[in-house]
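Report on the structure given below.
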Amino acid sequence: MSGENGGPMSGEPVFARARALLGANRPEQALTELAMLPASDAISAQAHHLRCVALAGLERWPEAADAARLGLGAGGPDPDLLRLLGRAEQELGHPQAAERALLDGLALAPNDADLLCAYARLCIADNQMDKASRLVERAAAQDPHAPTVYASRIQLAYAKGDDREAQRIAREFVATYPENPAAHALLGSTSAVRGQVGDAYSGLRQAAAAAPGEQVYAESAMDARIASHPLLLPIRPVLRFGPLKTWIAALVVIYGLRALGLGALSLLAGGLWLVFCVYSWVVPPLVRRWVRRNWHG
């Protein structure tokens, strides 16, 4: 590849376009752009770094890990590349390798909020809640309004079983970053966990609208739209508490009435439960098919 004067083309314009594409959440096109680099620039630390970010965005974790290692080999220790390597290793199911990469990154940048939150998420996955809490607190002390700090606080609250707190933080996240699709997605997800299907649909729909290229947001918004359909109102307890808890509650009512000598009411409750079960088996697939057929986002 050569420039207008016949000499080798500089990689800087390609790097600039790749960065812009990554900023616009178009990692596939960023990879295509990076493939146009001259050979000398294609093996640079910067090229490997951008390639790693793009591959991580596409969730191509083995390739992302390889790109991170190549970038570290080409340019030496780098906190952000070590964070990306840690994320890739975690996604590949290699927690020890992930921890090693993240600790190496923190040795270089001990107050980096992104690294601290990445390590916190690894600890959450390993059920080390106290350690994760300390890491999130350190990250919040450095940059309390960073999106990664909000997301990590939400994940930590949810992992601790505090759905209300997770939703509260998600609302704060949306208030701080009203244009951030991840903030709306997290608010939608935390609302869904609490059985608030209207709020769940609203949050996920806004996330899908803000990031139309993210298929996962569109799918989640459609699922929330299905859950919020009026015909599914009778089975919202199942959505909120899960099938097992709902089934146990029904048995407690049915056999509790029988134990109290209220046989007729127990029989009626059993009949209603049977109708409820049939309804929950038959209606949701029909609603899903109808909504999918008429889905417009």
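Just so you know, these numbers come straight off a predicted model, no measurement behind them. These numbers come from the heavy atoms of this one structure, side chains and all, not from hydrogens, waters or symmetry mates.
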Determine yes or no for a side-chain-to-main-chain donor-acceptor pair under 3.5 angstrom, with Ser44 supplying the side chain and Ser40 the backbone.
-> no

So do the side chains of Glu179 and Gln206 get within less than 4.5 Å of each other, counting heavy atoms only?
-> no

Honestly curious: do Leu274 and Leu268 fall in one hydrophobic cluster under the side-chain, below-4.5 Å linking rule?
-> no

Taking NZ, NE, NH1 and NH2 as the nitrogens, is one of them in Arg26 or Glu33 under 4.0 Å from a carboxylate oxygen of the other?
-> no

Atom pair CG (Leu81) and NE2 (His49), whose distance is rounded to the nearest 0.5 Å | 4.5 Å

Could you pull out all residues at least two apart from Glu99 that satisfy side chain to side chain donor-acceptor pair (under 3.5 Å)?
-> Tyr119

Please name the pair of heavy atoms, one in Ile254 and one in Gly270, separated by the smallest distance, quoted to 0.1 Å.
-> CD1-CA, 3.8 Å

Approximate separation, where rounding is to 0.5 Å, of Arg87 CZ and Leu115 CG = 13.5 Å

Looking only at non-hydrogen atoms, find the nearest pair between Asp143 and Val149 and report the distance.
-> O-CG2, 3.3 Å

Which pair of heavy atoms, one from His184 and one from Pro178, lies closest together, and at what distance?
-> NE2-O, 2.8 Å

For residues 50-59, dump all side-chain donor-acceptor pairs below 3.5 Å to protein atoms at least two apart in sequence or in another chain.
from	atom 1	to	atom 2	distance (Å)
Arg51	NH1	His48	ND1	3.1
Arg51	NH2	Ala42	O	3.4

Kindly check if the number of other-residue, nucleotide or ligand heavy atoms within 6.0 Å of CG (Leu272) is above 12?
-> yes

Which atoms form the tightest heavy-atom contact between Ala157 and Ile169, and what is the distance?
-> CB-CD1, 4.4 Å

Indicate the atoms forming the closest heavy-atom contact of Ala45 with Gly71, along with that distance.
-> CB-O, 3.9 Å

Can you tell me if Ser202 uses its side chain to pair, donor with acceptor, with the backbone of Gly198 under 3.5 Å?
-> no

Cluster question for you: counting only ILVMFWY and a side-chain heavy-atom cut-off of under 4.5 Å, with indirect links fine, are Val278 and Leu286 together?
-> yes

Can you hop from Trp273 to Leu251 via hydrophobic side chains spaced under 4.5 Å?
-> yes

With a 4.5 Å limit on heavy-atom distance, are the side chains of Leu22 and Pro27 in contact?
-> yes

Pairwise side-chain contact, Pro95 with Asp126, heavy-atom cut-off 4.5 Å (strictly under) = no

Dump the intermediate steps for side-chain contact (heavy atoms from CB on, under 4.5 Å) on Glu172 and Arg153, then the final yes or no.
-> CA-CA 11 Å; Glu172 186 181 327; Arg153 288 172 61 205; 3.7 Å; yes

Step by step, work out the salt bridge (Lys or Arg N to Asp or Glu O under 4.0 Å) result for Glu165 and Lys160.
-> CA-CA 10 Å; Glu165 176 67 4; Lys160 289 180 174 180; over 6 Å; no

d(Leu85 CG, His94 NE2) to nearest 0.5 Å is 11.0 Å

Val275 and Trp281: same hydrophobic cluster, using ILVMFWY side-chain contacts below 4.5 Å?
-> no

Is any side-chain heavy atom of Gln196 closer than 4.5 Å to a side-chain heavy atom of Gln167?
-> yes

For residues Asp41 and Phe15, determine if any side-chain heavy atom of one lies less than 4.5 Å from a side-chain heavy atom of the other.
-> yes

For Asp199, what residues pass the salt bridge (Lys or Arg N to Asp or Glu O under 4.0 Å) criterion, not counting sequence neighbours?
-> Arg171

Taking the side chain as every heavy atom from C-beta outward, state whether Thr190 and Asp163 have any atom pair closer than 4.5 Å.
-> no

Would you say the side-chain atoms of Tyr177 and His145 include a donor-acceptor pair closer than 3.5 Å?
-> no

Rounded to the nearest 0.5 angstrom, the CG-CG distance for Asp112 and Leu102 is 10.5 Å

Check whether any side-chain N or O of Ser191 sits under 3.5 Å from a backbone N or O of Leu187 as a donor-acceptor pair, and report yes or no.
-> yes

Exercise: do Gln46 and Arg19 side chains pair donor with acceptor under 3.5 Å = yes

Compare every heavy atom of Ala159 with every heavy atom of Ile124, then report the nearest pair and how far apart it is.
-> CG2-CB, 3.7 Å

Hydrophobic cluster membership, Leu260 vs Leu267, 4.5 Å side-chain cutoff = no

Validation row: Ser189, Leu204 side chains within 4.5 angstrom (heavy atoms) = yes

Going through the distances and angles, do Leu116 and Glu137 end up as a side-chain contact (heavy atoms from CB on, under 4.5 Å)?
-> CA-CA 9 Å; Leu116 289 166; Glu137 286 173 6; over 6 Å; no

Does Tyr158 OH have over 12 foreign heavy atoms under 6.0 Å away?
-> no

Glu63 and Arg60 ion-paired at < 4.0 Å | yes

Nearest-0.5 Å distance that lies between atom CG in Leu186 and atom CD1 in Ile154 = 4.5 Å

Side-chain donor/acceptor of Asp78 to backbone N/O of Asp80, under 3.5 Å | yes

Check whether any side-chain heavy atom of Leu156 sits under 4.5 Å from a side-chain heavy atom of Ser133, and report yes or no.
-> yes

Interatomic distance, Leu31 atom CG to Met36 atom CE [nearest 0.5 angstrom] | 13.5 Å

